Every structure is written in C-alpha cells, then in structure tokens.
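In what follows, a structure is listed as structure tokens, so that the remarks can point back to it.
Everything numeric in this text was worked out from a predicted model, so none of it was measured.
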Amino acid sequence: MTVQKFLAAAAIFAAAGTAFAADAAPASAAAPAVANAGSAVLAANLNLPVVSISKNTGVSRAAVHAEAVDFVKNYKTTLAVQLDQYKN
C-alpha cells in the first residue's frame, strides 16, 4: 500500500466518522426516547408461545416421579446410541 492510498483511506475513514457523529443526538435527548420505547412494548405484542398449566391434569406427583426414574434408568447418551447403531 502506498502512502497516497493510505492517506486517502484515512481521510475517508475520518469523514465517515464525523458524518456518523453528526447524526447522533445528545445523550440527554436520547434518554426519554429509550425509556418510552421500553414501556411501549407490551407482552401482548410479542410473538411468544403461551404455556398454560392447569392444576387438574389427572397425573399424580408419584406417577411423574416414576416416569422420571424410569427415564433415567434407561437413558443413553447420544454417543452410546451412535455406537449401538454402528454395531449393527
């Protein structure tokens, strides 16, 4: 890279930096806008899944515990499953 190309690139970089700095608002003017933007977003407007858990599911705590214990007894890691597949 020659000195002329370097100076030209540095001048463009400096000009771009001052152009972006001129667009920025002072910090005191931006603070209320940020506060209002945060309060304007409501949970109803967000695209989030809703999970409803009812108390009357018909499944007892003991049944859920037994299912969890059975899962842990028969659990295989992904590596173990892959090794079993390679055996066949």
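Here the CG-CG distance, from D84 to L79, works out to 9.5 Å after rounding to the nearest 0.5 Å.
Dense packing is recorded around CD of Q82, with more than 12 heavy atoms of other residues, nucleotides or ligands lying under 6.0 Å away.
In this structure, N74 contributes its side chain and D70 its backbone to a donor-acceptor pair below 3.5 Å.
Grouping the Ile, Leu, Val, Met, Phe, Trp and Tyr side chains by contacts below 4.5 angstrom, directly or via other members, places V3 with F6.
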